[in-house]
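Heads up: the structure comes next, in structure tokens.
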There are 2 protein chains.
Amino acid sequence: MAALKYSRQRESIKHYLMTTREHPTADAVYMHVKKDFPNISLGTVYRNLNLLTDIGEAIKISTPNGGDRFDGRIEPHNHFLCTKCGRLLDLDLDMHSIEEVNRLAAENFDGRITSSSTLFYGECSDCIKKS
Amino acid sequence: MAALKYSRQRESIKHYLMTTREHPTADAVYMHVKKDFPNISLGTVYRNLNLLTDIGEAIKISTPNGGDRFDGRIEPHNHFLCTKCGRLLDLDLDMHSIEEVNRLAAENFDGRITSSSTLFYGECSDCIKKS
DNA sequence: CTAATTACAGTAATCGTTATCGTTATTATT
DNA sequence: AATAATAACGATAACGATTACTGTAATTAG
């Protein structure tokens, strides 16, 4: 039940997620779509971000500090968190590597592994330059 | 400055983290140490968990749902989150594999990678049995 | 075109976590 | 061992992120 019904707000949120290279927080998404929908509610943003995540059209990324980040790139990939400036960046391993990691993990694990996500830590190039 | 001063509460928290195989939330740690320190405060638990994390004697793990988890195992290792029951389990890859993943990642990434943590998703053996 | 239902905006509530503050425990000094 | 200095405590308030509620508006079905 509960058929999905079109909404311009959700479309706008999805479009932003799919076109930005940032990994925005819910609040950052809110700020952005506010330009097109000046009186959109933050609750609407959260509801739709979770909805998109549930139906597999977005990904939610949790990091050790700050709120969750959202990503419109749904194919398996990894992320890098700069421990200096806090920026979250994409970090791509080729598909074969990801599958290989999952396979290695499955070897000694008693359960079914369907996916994985690696979070790398370190210093981004910008922060290295500054120091 | 701010020399670290011994406290029985912190010792108890650390001992629990080091002996349990669970990956407890702050609240779960609180419930446990309450047995020995009936009027310990939740704030004290948080303060010490963060302190232990800061000085490298514990690890904080963020997952897409619920609060952060804490782990007294500080050597690099990975985790598995069961998407059915929500349990967080250890998942060990041998050290060589972890280093290999970091090396592969560094190859095409413009920055310095110091560590990584992979979160695997799937169904744990208990949940597979039940279905 | 009307009815049914989902989504909305606005707001209150909740949850996890951090900060504040006066008191207690630990450590350093005499 | 007594005292002084200071870090840690317990209690509670404050906070930020997220979710739940409610009456209204938009979308879809008949």
Side-chain angles (χ1 to χ4, degrees), chain A residues 1-17 22-55 57-71 81 86-88, chain B residues 1-17 22-55 57-71 81 86-88:
Chain A
M1 319 295 141
L4 195 63
K5 207 172 265 192
Y6 172 87
S7 96
R8 288 164 293 140
Q9 289 89 337
R10 185 191 307 131
E11 214 54 35
S12 175
I13 290 167
K14 184 180 173 185
H15 179 260
Y16 177 54
L17 281 187
E22 307 291 325
H23 297 80
T25 59
D27 201 65
V29 173
Y30 174 58
M31 294 305 189
H32 185 90
V33 294
K34 225 176 160 65
K35 291 170 194 163
D36 288 323
F37 297 88
N39 45 5
I40 193 171
S41 166
L42 183 53
T44 297
V45 173
Y46 272 105
R47 178 160 19 83
N48 282 302
L49 285 173
N50 285 332
L51 185 52
L52 290 171
T53 300
D54 288 346
I55 64 179
E57 298 190 358
I59 290 168
K60 189 188 286 195
I61 307 154
S62 301
T63 67
N65 36 307
D68 289 341
R69 311 295 201 93
F70 294 87
D71 191 345
L81 180 64
R87 260 195 307 172
L88 188 67
Chain B
M1 320 297 138
L4 194 64
K5 205 171 268 190
Y6 172 88
S7 95
R8 291 165 290 140
Q9 289 89 338
R10 184 192 308 131
E11 214 53 35
S12 174
I13 289 167
K14 183 179 173 184
H15 179 260
Y16 177 54
L17 280 188
E22 306 292 324
H23 297 81
T25 59
D27 201 64
V29 173
Y30 175 58
M31 293 304 189
H32 185 90
V33 296
K34 226 177 157 66
K35 290 171 194 163
D36 287 324
F37 297 86
N39 45 6
I40 194 173
S41 165
L42 182 55
T44 296
V45 172
Y46 271 105
R47 178 159 18 83
N48 282 301
L49 285 173
N50 285 333
L51 184 51
L52 291 171
T53 300
D54 288 345
I55 64 179
E57 298 190 358
I59 289 168
K60 190 188 286 196
I61 307 154
S62 301
T63 67
N65 36 307
D68 288 341
R69 311 295 200 93
F70 293 86
D71 192 345
L81 181 65
R87 262 195 305 174
L88 188 67

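Here is how names work: the chains are called A, B, and so on, in the same order as the sequence lines, proteins then strands, and each is numbered from 1. These values consider heavy atoms only, across backbone and side chains, with no hydrogens, waters or symmetry-generated copies.
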Please tabulate, one pair per line, each protein N/O and nucleotide N/O from nucleotides 13-15 of chain D that are separated by under 3.5 Å, including the distance.
none

Sugar-phosphate or base contact per nucleotide [nucleotides 16-25 of chain D; S, B, -; heavy atom under 4.0 Å]
-SBB------
Nearest atoms (heavy-atom pairs only) where B/Pro64 meets A/Ser62:
CA-OG, 3.1 Å
Provide the closest heavy-atom pair for B/Ala26 versus B/Leu42 in the form atom of the first, atom of the second, distance.
O-CD1, 4.3 Å
Judged by each residue's nearest nucleotide on DNA chain C, which is more toward the 5′ side, B/Leu4 or A/Phe37?
A/Phe37
Nearest 0.5 Å please: distance from the NE2 atom of B/His32 over to the CD1 atom of B/Ile13.
10.5 Å
Do any of residues 5-13 of chain A sit with a heavy atom less than 4.0 Å from DNA chain D, and if so which?
A/Lys5, A/Tyr6, A/Arg8
Nearest 0.5 Å, what's the OG1-CG distance between B/Thr44 and B/Leu51?
11.5 Å
Taking A/Leu49's backbone N and O only, do any of them form a donor-acceptor pair with A/Thr53's side chain (distance below 3.5 Å, no angle check)?
yes
Expressed in angstrom and rounded to an integer, what is the separation of B/Leu51 atom CG from C/dA19 atom P?
14 Å
Once you round it to whole Å, what is the distance between P of C/dT23 and CG of B/Asn39?
17 Å
Is the backbone N or O of A/Leu52 less than 3.5 Å from a side-chain atom of A/Arg10, with the two atoms forming a donor-acceptor pair by type?
no
Can you measure B/Asn65 atom CG to C/dC15 atom C1' for me and round it to whole angstrom units?
14 Å
Exercise: identify the closest heavy-atom pair between B/Ala28 and B/Tyr16:
O-CE2, 4.5 Å
If we check side chain to side chain contact (heavy atoms under 4.5 Å, CB included) with A/His23, which of these qualifies: A/Leu17, A/Ile61, A/Thr63?
A/Ile61
When B/Asp54, B/Asp71, B/Asn50 are each screened for side-chain hydrogen bond (donor to acceptor under 3.5 Å, both in side chains) with B/Lys60, the one that passes is B/Asn50
Neighbour count >12 (heavy atoms, 6.0 Å) for atom CD, B/Gln9:
yes
Once you round it to whole Å, what is the distance between C1' of C/dA9 and NZ of A/Lys34?
10 Å
Nearest heavy atoms of B/Ser41 and B/Tyr30, plus distance in Å
C-CE1, 3.8 Å
